[in-house]
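The structure presented is a predicted model; accordingly, all values stated were derived computationally and were not measured. Numbered from 1 within each chain, the chains take letters A, B, ... in sequence-line order.
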2 protein chains.
Amino acid sequence: MTPPDTHVDAETALDHAPAGHKDDLRLWLRMLSCARLIEAEIRRRLRINFDTTLPRFDFLAQLERAPDGLTPGEISRRMMVTGGNVTGLAARLEEEGLIERRAVREDRRAVTLRLTPSGRREFARQSAAHEDWVAELLGGLSATDRGALLRLLDRTRRSVRGAISEGGA
Amino acid sequence: MTPPDTHVDAETALDHAPAGHKDDLRLWLRMLSCARLIEAEIRRRLRINFDTTLPRFDFLAQLERAPDGLTPGEISRRMMVTGGNVTGLAARLEEEGLIERRAVREDRRAVTLRLTPSGRREFARQSAAHEDWVAELLGGLSATDRGALLRLLDRTRRSVRGAISEGGA
DNA sequence: CGGAAATAGTTTAGGCTTCAACTTTCAGGG
DNA sequence: CCCTGAAAGTTGAAGCCTAAACTATTTCCG
């Protein structure tokens with residue numbers, strides 16, 4: 001049924017490429033599939049166990065670390081998403097009573113968002129389970145592998161950041 | 001339903017999981033941020049240079065590898081997204097003339113999607129640029145690092161798959 | 001044959017995400 | 001003081017994505 005997946009003649013391509021091109025692509029695709037696999041599983045469990053989503057979870061996590069609350073703008077920067085996105089998430093979370101808005105005295109444009117007691121309780125439950133899930137999913141790695149992977153990912157991030165800040169094609 | 005997830009208190013936990021739990025979380029967060037960083041940059045460049053998106057690009061990539069076309073169901077499995085999603089993407093890509101639908105003789109429920117000549121040309125352009133981008137972003141890694149990372153990610157994927165197929169909490 | 005079950009694909013409702021346009025407010029220089 | 005520009009936040013349109021319900025067809029098997 002499935003065709004033999006006629007692969008491009010890799011050898012020929014490699015002759016011209018400066019030693020990496022194709023390998024880099026393979027590496028990226030593997031990292032992507034790996035990250036997506038984990039992410040999908042975590043999303044699935046958040047939905048099944050807590051009837052919530054990853055963005056909501058991340059949002060609460062940001063507020064948990066900021067006892068005095070955060071402005072939408074600050075959350076937007078920390079989560080690396082747009083402001084409009086934060087508006088929508090905040091609306092739903094407030095609707096559910098997990099966060100609350102509070103006006104800022106010194107700047108009437110701004111507002112701070114913070115966890116309600118209920119939100120704090122709920123996030124604590126979710127956070128504990130989340131931590132267990134990750135440990136379960138990565139449990140097959142040895143301590144050595146974990147350390148090596150952490151270091152390599154750090155180098156990767158530096159490589160990417162460097163490339164972005166420079167050329168930025 | 002869900003077990004109370006009785007959390008071992010911190011002391012006991014440390015005894016049993018000396019170097020796992022928290023480290024796994026750190027590892028996962030780093031992998032996630034790394035993958036998202038790359039993905040965001042690729043999305044940005046696809047939008048700026050080709051006025052397209054990553055899902056569209058992935059969709060065309062699947063069809064490129066299948067000269068005889070694919071059914072929506074097959075694409076859905078390969079891209080690991082739902083069928084409804086494929087319906088929407090296919091509609092837009094057909095609208096733009098990049099792919100075409102063709103009825104299947106033997107099964108009147110099914111349809112095959114394939115690249116049009118225009119779609120094939122367009123994807124070739126995008127694909128070449130995409131490959132260059134990835135090589136540029138990962139260019140800071142040595143050949144050794146790349147190899148090690150590839151191997152570690154493979155182990156990670158196996159660990160995750162194992163955990164999912166087993167417990168599946 | 002005939003009906004139950006499975007499969008292919010679409011549709012719908014709702015959440016996530018972005019970009020661009022917009023409103024309100026603040027800050028600085030004439 | 002006023003005007004211009006920047007900043008905080010919201011809104012709207014459009015695309016992406018999922019789960020669930022639905023239609024149409026095929027397959028299985030009794």
Side-chain angles (χ1 to χ4, degrees), chain A residues 1 32 36-37 39-60 62 69-96 98-99 101-113, chain B residues 32 36-37 39-60 62 69-96 98-113:
Chain A
M1 205 55 184
L32 186 59
R36 282 188 177 169
L37 188 62
E39 198 176 330
E41 181 64 12
I42 288 176
R43 284 179 192 270
R44 192 178 73 83
R45 294 185 185 193
L46 280 174
R47 182 173 53 79
I48 294 176
N49 293 286
F50 299 108
D51 190 27
T52 191
T53 66
L54 192 51
R56 278 163 149 97
F57 176 77
D58 289 343
F59 197 114
L60 298 183
Q62 292 301 330
L70 293 172
T71 64
E74 189 53 37
I75 294 178
S76 154
R77 278 183 289 276
R78 297 195 188 192
M79 289 180 68
M80 300 201 294
V81 298
T82 60
N85 192 349
V86 170
T87 299
L89 282 166
R92 284 182 287 270
L93 290 171
E94 187 183 18
E95 168 75 22
E96 296 171 20
L98 300 177
I99 70 174
R101 320 167 63 79
R102 204 174 291 190
V104 170
R105 271 190 194 288
E106 321 85 53
D107 187 342
R108 284 196 300 175
R109 295 170 301 181
V111 60
T112 60
L113 307 174
Chain B
L32 187 58
R36 281 189 178 168
L37 189 62
E39 198 176 330
E41 180 64 11
I42 287 176
R43 284 179 192 270
R44 192 179 73 82
R45 295 186 184 193
L46 280 174
R47 183 173 53 76
I48 293 177
N49 293 286
F50 299 109
D51 189 29
T52 191
T53 66
L54 192 51
R56 278 163 149 97
F57 176 76
D58 288 343
F59 197 115
L60 297 184
Q62 293 301 331
L70 292 171
T71 64
E74 189 55 34
I75 293 177
S76 156
R77 277 184 289 277
R78 297 194 187 191
M79 290 181 67
M80 299 201 295
V81 298
T82 60
N85 192 349
V86 170
T87 299
L89 282 167
R92 283 182 286 270
L93 290 171
E94 187 184 16
E95 168 76 22
E96 296 172 22
L98 300 177
I99 70 174
E100 62 180 2
R101 319 167 62 81
R102 203 175 290 190
V104 171
R105 271 191 194 288
E106 320 84 54
D107 188 341
R108 283 195 303 173
R109 296 169 302 181
V111 61
T112 60
L113 306 175

Please report, rounded to the nearest Å, how far the C1' atom of D:dG9 is from the CD1 atom of A:Ile75. 12 Å
Determine: side-chain N/O of A:Asn85 to OP1/OP2 of C:dC16, distance under 4.0 Å, yes or no. no
In Å, rounded to the nearest 0.5 Å, how long is the span from CZ of B:Arg92 to CZ of B:Phe59? 10.0 Å
Could you give the CE-to-C1' distance, from A:Met79 to C:dT18, as a whole number of Å? 14 Å
Atom CD of A:Glu39 and atom C1' of C:dT17 are separated, to the nearest Å, by 13 Å
Which atom names give the shortest non-hydrogen contact between A:Leu89 and A:Met79, and what distance separates them? CD1-CE, 4.5 Å
Under 4.0 Å between a side-chain N or O of A:Arg47 and OP1 or OP2 of C:dG14? no
When you measure from the side chain of A:Thr53, which nucleotide among D:dC17, D:dG9, C:dC16 comes out closest? C:dC16
To the nearest angstrom, how far is B:Glu106 atom CD from D:dT27 atom P? 10 Å
Closest contact, heavy atoms only, A:Leu60 versus A:Leu93: CD2-CD1, 4.2 Å
Measure the distance from CE on B:Met80 to C1' on D:dC16 and round it to the nearest whole Å. 16 Å
Can we say A:Glu39 and A:Arg43 salt-bridge, meaning some charged N sits less than 4.0 Å from an Asp/Glu carboxylate O? yes
Under-4.0 Å side-chain N/O to phosphate OP1/OP2 contact, A:Arg92 with C:dG14: no
Heavy atoms under 4.0 Å, any strand shown: does B:Arg43 hit a base, just sugar-phosphate, or nothing? nothing
Nearest to the side chain of A:Ala110, heavy atoms from C-beta on, is which of D:dT18, C:dG15, D:dG9? D:dG9
Taking atom types as they are modelled, would you say the side chain of A:Arg109 forms a donor-acceptor pair with the base of D:dA7 within the 3.5 Å cutoff? yes
Between A:Val111 and A:Arg102, the two heavy atoms sitting closest are CG2-O, 3.1 Å
State which of D:dG9, C:dC19, C:dG9 makes the closest approach to the side chain of A:Thr82. C:dC19
Whole angstrom value for the distance that separates P of D:dT18 from CZ of A:Arg45: 18 Å
Touch class at under 4.0 angstrom, heavy-atom based, for A:Gly84 against every strand present: base
Among D:dT11, D:dA8, C:dC16, which nucleotide sits nearest the side chain of A:Leu89? C:dC16
Give a yes/no on whether any side-chain N or O of B:Arg44 is located under 4.0 angstrom from OP1 or OP2 of C:dT17. no
Check the distance between C:dG9's C1' and B:Arg77's CZ and give it to me in whole angstrom. 12 Å
A:Thr87 vs D:dT11: side-chain N/O to OP1/OP2 distance below 4.0 Å: no
Considering non-hydrogen atoms only, spot the tightest contact between A:Ser76 and A:Val81 and give its length. OG-O, 2.8 Å
Kindly indicate whether the side chain of A:Arg108 and the base of C:dT25 share any N or O donor-acceptor pair separated by less than 3.5 Å? no
At under 4.0 Å between heavy atoms, what does A:Val86 touch on the DNA or RNA strands: base, sugar-phosphate, or nothing? nothing
Would you kindly give the CD-to-C1' distance between A:Glu95 and C:dG15, to the nearest whole Å? 14 Å
